[in-house]
Every structure is written in structure tokens, then in C-alpha cells.
Amino acid sequence: MKEVRVRFAPSPTGALHIGGIRTALYNFLLARQNKGTMILRIEETDQTRYVPGAEAYIMESLAWVGITIDEGVGVGGPYAPYRQSERKDIYKQYAQQLIDEGKAYYAFDTEQELDAMRERLKAAGVDNQQYNSITRMQMRNSLTLSEKEVKEVLQSGAPYVIRLKVPKKEEIRLNDLIRGWVLVHAAQIDDKVLMKSDGMPTYHLANVVDDYLMKITHVIRGEEWLPSAPFHVLLYKYFGWENEMPHFAHLPLLLKPDGNGKLSKRDADKMGFPIFPLNWKDPQSGELAIGYREAGYLPEALLNFLAFLGWNPGTTQELFSMDELTQAFSIDRIGKAGAKFDIQKAQWFNQQYLRAKTDEELGKILLDLLASQKIEYPLAQAMKIANVMRDRITFARDLWEQGRFFFHAPTEFDQGVVNKRWNEEAVKVLAAFKDEVLKENDELTADRAKSILEGVTATLGIGTGKILQALRLSLTGAGGGPDLMMIMEIIGKNEVAKRITHAIQTLKMKVA
RNA sequence: GGUCCGUUCGUCUAGGGGUUAGGACACCAGAUUUUCAUUCUGGUAACACGGGUUCGAUUCCCGUACGGACUACCA
């Protein structure tokens, strides 16, 4: 069997969108599964849209989620260069070949002339206002001008483009791996521009030429390319590359969560979730967009989530590592319909992956979080916190945000709990408990804390359950949280005593 | 407008001529947890519509509706 060669070919016009990551992932999985090659090609044939930093961003994003590139920009390879701007001469040569063979032609029409043509057709009630087999004969191009005139215009240095001469009557068919046979009549395809007046190729030419030269076997890309795919097939035909033509697979789109339409940055902002893998600061506006990484998502969780948007293994298993995805992936299990983006499911995946981490892994993550708060803390303690917090968090940062009380005594107390649970009985127990705790010689363990507390309540003849909330309140300021005894073990006896004392003082007035 | 693509619970989806139409997220309820979260158990909830074909259609075919993509010298 032929070696599988796939490519991810983004355009560096800004940050890589989450949908792009999914496209890259599917390509990557197919490559890995078949021991093939994953290629990164940068398609920046439009200089006006080029954004500095976008290319580096793309590469960093792919690296972060664990999609490794075998060949292409950044790593090199036998078909270099992999940046389309550096392959200008190649495209020119192929465009010339089509001209020579009469399959393409020069067109000299100005923008105004093109507009005028569309207006004219529109006014005449023609649905299809295209530059095509009919209209091209009324325009200024090498088909309508004499050979001598064409030569003159070319020599005068006037701007021109090269267009493909699409046949009038022909049925173009393409067998999409996801959608099956797609038929299009050539009459519905326009004479697309192959070479722009600035000497750069359009996507269509560059894409086909590169895929052919780079021996690409599978083109997996977004559905937005489906309408132009027949045109690409035609190009392969014109070049005589039909036998080398890659398989096409047009992926369903990622849709916005509410309403309809393609998922956009605007929707993401509106709904409050990231759309880019990494933070992205727009060099034009200076605006910062938060990325999944910075929002606290684990790369493996994001990947797993994305993999399931449009694909599924056909079993009930949902948690897949990259290796497992590689095993299970198959193009024929990709769905046809667009998938609405549901951030809640992404959060669930993140939760699952967070839980699967060891105390040590999670403890270290907490230490990083603490470092940014300028808090130094022992790993052994951080691991204990990780252990009690694990099942309560969705994001790594919740370790800090929901566990502040481990590091700072509460400054405020939940009023609802105060009203309900803070009373004289509780104060009595707490004061006695504090005294007992301070008498301890050893470090306070959870078990020890519990027996001391039970001793105190037994002596005073008050039910332990009645004052537990008050104790929690005094230690954390809130009415909910992880196991209270463990909290005491982690913060230590002196801190326990200090906080109880402080709470009794602060809340005294409120009882009366 | 035109061309192309699509349509199973709110969402991601499985399934496929005869099923109690399955799972997951979310949601709701109960149990456990003296709290909260977790966990467990249970529950609400879907084949867009109309015609065919067929003994039988959610499944196949055709329409309609709805949605989407494309319709640039952008990718």
C-alpha cells in the first residue's frame, strides 16, 4: 500500500481556531495509524492578510496539544520549501504549462470591468454572475484579444491574472470519503483565478500543485472547501494527475452553541469560552484572547473533546488517550452534520483528566499556581491538598481558587451559615476544642482532631454534628468544602487555634 | 438569488426495514456524605414534515421545510 501522507495547511492570518486543531488532529490520527507522514504546510499566498507571529502560534499550538509534525515548516523535509510564498516559481511554471496547453488563459479585466459584468448579468436576470464559459467571451482576455494584442498588453507590464478555462459541458464527480459521490456540472463552476496579478497563486492552484508534488494521499479539510473541490478535481485532470489525485474528506463544521452558523470568535466571547488553543494577542488591535491552555484546560482533555465533535468510535468509551484515538480512529465514522460546540462537555472532559492525575502531579500543578501568588509551600502538603480537592475541581486553578483557605485565614464569613449555625453552644465547644488542640504535643492529624472534638462535645454534652458547620465556618469562612478533619491536619494546630480565636472575636457581636 | 452539503433527546451521538430507539454531557429526584462537592440509583427528553416503496419505515426513494457552506485577484 502507498504510504499515507497527509497535510495540515493553515493560513497564518491570525490565531489558529479550535476547528483547525480538530482538522489537524484528524490528519494526524490518520497518519499515525498508518505509520504515515504528517506534513505542515503554511499557505500564505495572500500577503495582505499575513499576520506576523501567526505561524509561530500555529506551531506552538500543535506542539501543546501533542500533534507532532514529521515534515514541513519548522522541521524541513524532502519537498521543501513548505511555505507557499517560497514556492512562487513552481506555481508560475505550472500555470504556464496550462496556458501553453490552452487550458488556462490570461485575463486583463479591471475590477471595475468585472463589477460591470456582474451588474449587467444581474440586471438581465441571470442567476449565475460568473466569469465562465459564456461570459469570458465578452471580457478582455487572451481568448478574445488577438495574439498580437495579448503580446502587447503583456509586454506593456499591465497587470493580468491567469484563469482556468473550465469546460462548458462536463460532469465533474468526486468521491468524498465522508459524503460519497458529489456531482457538479462544469457550467456551475467559474473560471477561477489561478495566478493573481501580484504573481502569487490562489489557494486553488497552490493547493493542488503542492499536494501533488508533496505526494499527499488524503486531503482532510473543512467542509467550506467542498464547493470548490470539483474545481480542484478538474485541475488534477488538466494536469494529467488523475491517478495521483488524493482522497478527499470534507469535515463537518463546528457550529456555534446557540442559534446557527459557523463557530466564531464572537460567539466564543459572548458565551465566555475560549476559541483559541493558546492566548493570542492581536498585533493589530492589541486585544488579548484567552486560550484553552491559559483557561486551565489540559491538552489531552481538549483533544479528546475535539475528537468527539464529528467522530465517535461506535462504542460507549469516551475517554481516549492520543494512542487510543490513533487505534480507534477511522474516517468512515466521521459524521456528516455540523456539530454544535458545547463547552460543558469540554469541562467534563477536563474534570475527568484532572481526576486521573496523581497526587504528585496535581500537587506540582498547585505549587506552580502558588508560585504565581508568591506563596512557598511544601510538596508533601500540596499533595494532601490535591488529594482532598481532586474530585471537586474542574480546572487546575480551582485548586487555588477553591482552596485559598489552606493558605490564608478567612477574612469574611458566610452570612447565611453564621445566622444558621453560629450560636453560644458552638462558641462554647469551639473555645474548648481550641484549648485542647493547643495542648497537643505532636502535629495534629485528621484522626486526632476528630477524637479531640468528640471528647470535647461529649464532655459538654453537645452533639458534634450541631457545631461542625460552625467549626468549618471559623476555619474556612464558608459552609461547604472538603473534609474538615483533613483541613485541620493540613493547616496545623496553631493555625486552627488562631482561626477559631479570630472567628469567636469577630462573630461575637452577631450572636447577641 | 444560485450551487452544493446536511437534519435522531436541549447538546454530542449510537442504531438501522419489525428495538421498551441505546450511551454521554446538561437538567431533575432519591440515597450516601452531619455541609458542599464526589459517588450511587432513578427520571424527564429525540427519529423535521408530506408523499411513496413495503405486510411493516425512524431506517430506502422523492418532494417540502429548516439549517449550513460556498458564491473574491481570501484562504
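Proteins get letters first, then strands, A, B, ... in listed order; numbering begins at 1 in each.
Straight-line distance between the C1' atoms of G10(B) and U19(B): roughly 24 Å, to the nearest whole Å. Distance check on atom P: U54(B) versus C47(B) gives 26 Å, rounded to whole Å. Comparing the P positions of C9(B) and G42(B) gives an interatomic distance of 24 Å, to the nearest angstrom. The same atom, C1', is picked in U13(B) and in G6(B); the two are 16 Å apart, to the nearest Å. The separation of G15(B) from G22(B), taken at their C1' atoms, amounts to 8 Å, rounded to a whole angstrom. U58(B) and A46(B) are spaced 15 Å apart, taking the P atom of each and rounding to whole Å. Across C66(B) and G50(B), the matching C1' atoms stand 14 Å from one another, rounded to whole Å. Separation of the C1' atoms belonging to G68(B) and A48(B) is 16 Å when rounded to the nearest angstrom.
Taking a pair to require two hydrogen-bonding distances under 3.5 Å in either a Watson-Crick or a G-U wobble arrangement, A14(B) remains unpaired. Remark: C74(B) base-pairs with no nucleotide in the shown strands. Criterion, Watson-Crick or G-U wobble with two distances under 3.5 Å. Pair assignment for C9(B) gives none, since no Watson-Crick or G-U wobble pairing has each distance under 3.5 Å.
The residue among Pro201(A) and Asn312(A) whose nearest nucleotide of RNA chain B lies closer to the 5′ end is Asn312(A). Each of Asp190(A) and Asp127(A) has a nearest nucleotide on RNA chain B; the 5'-most of these lies closest to Asp127(A).
The only option from Leu177(A), Asp211(A), Asn27(A) that meets the side-chain contact (heavy atoms from CB on, under 4.5 Å) definition with His218(A) turns out to be Leu177(A).
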Using the 3.5 Å cut-off, write out each protein N or O paired with an N or O of nucleotides 20-27 of chain B and the distance between them.
residue: A24(B); atom: O4'; partner: Glu318(A); partner atom: OE2; Å: 2.9
residue: A24(B); atom: O2'; partner: Glu318(A); partner atom: OE2; Å: 2.4
residue: A24(B); atom: O2'; partner: Lys345(A); partner atom: NZ; Å: 2.8
residue: A24(B); atom: N3; partner: Lys345(A); partner atom: NZ; Å: 3.2
residue: C25(B); atom: OP1; partner: Trp348(A); partner atom: NE1; Å: 3.4

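With hydrogens and angles disregarded, a donor-acceptor distance shorter than 3.5 Å links the side chain of Thr135(A) to the backbone of Gln130(A).
Contact annotation: Lys262(A) reaches the phosphate of C70(B) (side-chain N/O to OP1 or OP2, under 4.0 Å). Contact between the side-chain N/O atoms of Arg355(A) and the OP1/OP2 oxygens of U39(B) is found at a separation under 4.0 Å.
The line from CG of Leu309(A) to CD1 of Ile334(A) is 12.0 Å long, rounded to the nearest 0.5 Å.
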